[in-house]
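Below is one structure, written out as C-alpha cells; comments come after it.
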Amino acid sequence: MVLNNTVPLLLLSILMLGVLGNAQLTSDFYSTTCPNVTVIARSLLEQASRSDVRLTAQVMRLHFHDCFVNGCDGSVLLDASLADGVEGEKEAFQNAGSLGGFEVIDEIKTALENVCPGVVSCADILAITAEISVSLAGGPSWNVLLGRRDGRTANRDDAVAALPLGPDSLDILTTKFSEHNLDTTDLVALSGAHTFGRVQCAAISNRVNNFDGINGQSDPSVEPAFLQTLRRQCPRGGSPTALVNLDPTSPDSFDNDYFKNLQNNRGVLESDQILFSSRRVSTVSLVNRFAENQSEFFRAFARSMIKMGNVKTLTGTEGEIRRDCRRVN
Ligand code: HEM
Ligand SMILES: *[C@@H]1O[C@H](CO)[C@@H](O)[C@H](O)[C@H]1NC(C)=O
Ligand SMILES: *[C@@H]1O[C@H](CO)[C@@H](O)[C@H](O)[C@H]1NC(C)=O
C-alpha cells in the first residue's frame, strides 16, 4: 500500500507542528498545573482596583498593546535592557507616560510564582487580567484561551508603527487592525473599550484647540456643547497630562454608553467619532447596533477579545515562561 509510508509521515508532521508552536490555546491549559490562576489574579486585581478605579482600564489596555506588537507575547511588559538587548516598548510614544498597571501585574506574577513556579506566562496573565478587568467593571465575561508563552524580545519601532493613533484615518485604523486579522467588526467592538479609562489632554488638545494645525480651530465633528466641556477640561496652554474621561456618561463602567456617545457626536478621540461620523456604512451600522443593544456589544466584544488574544502567540516550546515579567530569564 502506497499510503503505508505517507500516513506516518503526515502524522509526524502534524505532531511536529504542535510541538513547534502551532498548538491551539485552550481554556483549561492550567487546570492541572496552576488551577487557581484566575482566582489569584482576580482577588489581587479586585483589591488593587478598590483604591484606584482606573486600574481595570489600564490593565485591559496592556493586553491590547501587547498583542498588537510582536503578538501576544508579554513584550509590552519588558523593561528596556541593554544587557539583554531588549528595546523597551514602554518608551514608544504611544506608551510612554501613558500605560499603567504594571505593578499589579508584578504582584500577580509574584503570587503565581509562589504557588506554581515557572508555569504561568506573563502573556497569559495579561489575557486573564483583561477579562477580569472588563468583568469587574460590569462588562461581559468570557472563557479566556490560555497557553501563550513569553517572548524574549520587544520591538519599539514596531510599537510606534503598529499602535493606532487618535488622528488615524478610518482606512489606516482598518489597515492596522487587519494586519492582525481583525476586521471592521473587531475594530468597532474593541474600540468600545473606551467605555472606561482616561485620556490625557495631550492626546486631544489638537482636536479641540488646534485642529489641522489651525490655532483655535476644532474638529467639526464634535458636538458644540461637548466641545465646550472638553475645552474647559483641556484649555489651551493647560497641563498636557490632565485627564479626561473617555466615556463622559459613565466613566468607570463597562457598558454601551460609548456607542450612544458616538451617536451624539460625543466621542472623545477622533478615532472614536470617525466610526460614526465618516458615514462609512459598515462602521455606522455597527455603532448603531451596539448602541441599541448592549448584549450585542458584549457578545461581539468578547468574541473580538478572544480573536485579538490569538494574534501571533508563542506556544509549545517557543519562547519561555518568564520568572519576572519585566525581564527575560
Ligand atoms: C482604535 C484605535 C485606538 C486608538 C487610536 C486608541 C488610542 C487611545 C489613546 C490616545 C488613549 C489615551 C492614552 C493617554 O492619553 O495616555 C487610549 C486609552 C485607552 N485605550 Fe485606546 N485606542 C484604540 C483602541 C483601543 C482598543 C482596541 C482597546 C482595548 C481593547 C483600547 C483600550 C483603551 C483603554 C482601556 C484606555 C484607557 C486607559 C487608561 O485609563 O489608562 N483602546 N486609547
Ligand atoms: C486554590 O484555592 C483554594 C481556595 O483559596 C484553596 O483551598 C486550594 O487549596 C487552592 N488550590 C491549590 C491547588 O492551590
Ligand atoms: C440583543 O442582542 C442579543 C444578542 O445578540 C439578542 O439575543 C437579542 O434578541 C437582542 N435584543 C433585541 C431587543 O434586539
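Source: prediction; values computed, not measured. Counting convention: from 1, in listed order, for ligands and their atoms alike. We count residues from 1, following the sequence as given.
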For atom 40 (O) of ligand 1, which candidate among Glu270, Arg198, Met308 provides the closest heavy atom? Arg198

List ligand 1 atoms under 4.0 Å from Gly197, heavy atoms only on the residue side. 37 (C), 40 (O)

What protein heavy atom lies closest to atom 3 (C) of ligand 1? Include the residue and the distance to one decimal. Pro164 CG, 3.6 Å

Can Arg198 be said to sit on top of Phe196's aromatic six-ring, NZ or CZ under 6.0 Å from centre and within 45° of the ring axis? no

Heavy-atom side-chain proximity of Leu275 to Tyr258 below 4.5 angstrom: yes

Of the listed options Leu165, Asp186, Leu275, closest to atom 5 (C) of ligand 1 (non-hydrogen atoms): Leu165

Within the 4.5 Å heavy-atom criterion, are Leu99 and Leu62 side-chain neighbours or not? yes

I need the nearest protein heavy-atom contact for atom 11 (C) of ligand 1: residue, atom name and distance, please. Arg61 NH2, 3.8 Å

Carboxylate-amine/guanidinium contact Arg266 Asp247, below 4.0 Å: no

Nearest heavy-atom neighbours spanning Ser218 and Leu227: OG-CD2, 3.3 Å

Looking at Asn209, is its backbone amide N or carbonyl O close enough to the side chain of Gln217 to form a donor-acceptor pair, meaning the two atoms are under 3.5 Å apart? no

Using the benzene-type ring in the case of Trp, are the ring centres of Phe177 and Phe68 under 6.0 Å apart? yes

If I apply the N/O under 3.5 Å rule, does Ser191 come out as touching ligand 1? no

Check each N or O atom of ligand 3 against all protein N or O atoms and list the pairs under 3.5 Å, with atom names and distances to 0.1 Å, one per line.
| from | atom 1 | to | atom 2 | distance (Å) |
| --- | --- | --- | --- | --- |
| ligand 3 | 2 (O) | Asn293 | OD1 | 3.2 |
| ligand 3 | 2 (O) | Asn293 | ND2 | 2.4 |
| ligand 3 | 2 (O) | Glu296 | OE1 | 3.3 |
| ligand 3 | 5 (O) | Glu296 | OE1 | 3.4 |
| ligand 3 | 11 (N) | Asn293 | ND2 | 2.8 |
| ligand 3 | 14 (O) | Asn293 | ND2 | 3.4 |

Residue-level breakdown please: for Met60 versus ligand 1, do any non-hydrogen atoms fall below 4.0 Å on the side chain, on the backbone, on both, or on neither? side chain

Test your reading of the structure: does His194 have an N or O sitting under 3.5 Å from an N or O of ligand 1? yes

Looking at Asp168 and Lys176, does any basic side-chain N land under 4.0 Å from a carboxylate oxygen? yes

With respect to atom 8 (C) of ligand 1, which of Leu269, Leu243, Thr241 exhibits the smallest heavy-atom separation? Leu269

Ser98 heavy atoms, cut-off 4.0 Å: which ligand 1 atoms fall inside? 13 (C), 14 (C), 16 (O)

What are the atoms of ligand 1, with element, lying closer than 4.0 Å to any heavy atom of Ala193? 28 (C), 29 (C), 30 (C), 31 (C), 32 (C), 35 (C)

Classify the ring geometry of Phe254 against Phe297: parallel below 30°, tilted from 30° to 60°, perpendicular beyond 60°. parallel

Salt bridge (Lys or Arg N to Asp or Glu O under 4.0 Å) with Asp124: of Arg149, Lys109, Arg148, only one passes, and it is Arg148

Quick one: are Trp142 and Phe301 in side-chain contact, heavy atoms under 4.5 Å? yes

Got the closest protein heavy atom to atom 24 (C) of ligand 1, with its distance? Phe64 CE2, 3.5 Å

Using a 4.5 Å cut-off on heavy atoms from C-beta on, say whether the side chain of Arg322 contacts that of Leu77. yes

Taking 4.0 angstrom as the limit and counting only heavy atoms of Leu246, give me the atoms of ligand 1 inside it, by number and element. 18 (C), 19 (C), 36 (C), 37 (C)

Regarding Ser135 and Arg42, do their side chains bring together a donor and an acceptor under 3.5 Å, going by distance alone? yes

Looking only at protein heavy atoms, identify the closest one to atom 41 (O) of ligand 1 and say how far it is in Å. Arg54 NH2, 2.9 Å

Using a strict 4.0 Å cut-off to heavy atoms of Gly166, name the atoms of ligand 1 that fall inside it. 5 (C)

At less than 4.0 angstrom from any non-hydrogen atom of Leu190, what atoms of ligand 1 do you find? 26 (C), 27 (C), 28 (C), 30 (C)

What are the atoms of ligand 1, with element, lying closer than 4.0 Å to any heavy atom of Ser271? 4 (C), 5 (C)

Can any side-chain N or O of Glu320 pair as donor or acceptor with the backbone N or O of Asn329 at less than 3.5 Å? yes

Return yes if some donor-acceptor pair links the side-chain N/O of Glu318 with the main-chain N/O of Thr315 below 3.5 Å, else return no. yes

Show me which atoms of ligand 1 lie under 4.0 Å from any heavy atom of Val199. 12 (C), 15 (O)

For Val160, what are the other residues in its hydrophobic cluster, where any two members join if their side-chain heavy atoms are less than 4.5 angstrom apart? Phe93, Leu165

If you have a sec, work out which protein heavy atom is nearest atom 35 (C) of ligand 1 and how many Å separate them, to one decimal? Ala57 O, 3.2 Å

Contact with ligand 1 for Asp168, non-hydrogen, under 4.0 angstrom: no

Taking the non-hydrogen atoms of Gly100, is any one of them nearer than 4.0 angstrom to ligand 1? no

Nearest to atom 15 (O) of ligand 1, what protein heavy atom do you find, and at what distance? Gln200 N, 2.7 Å

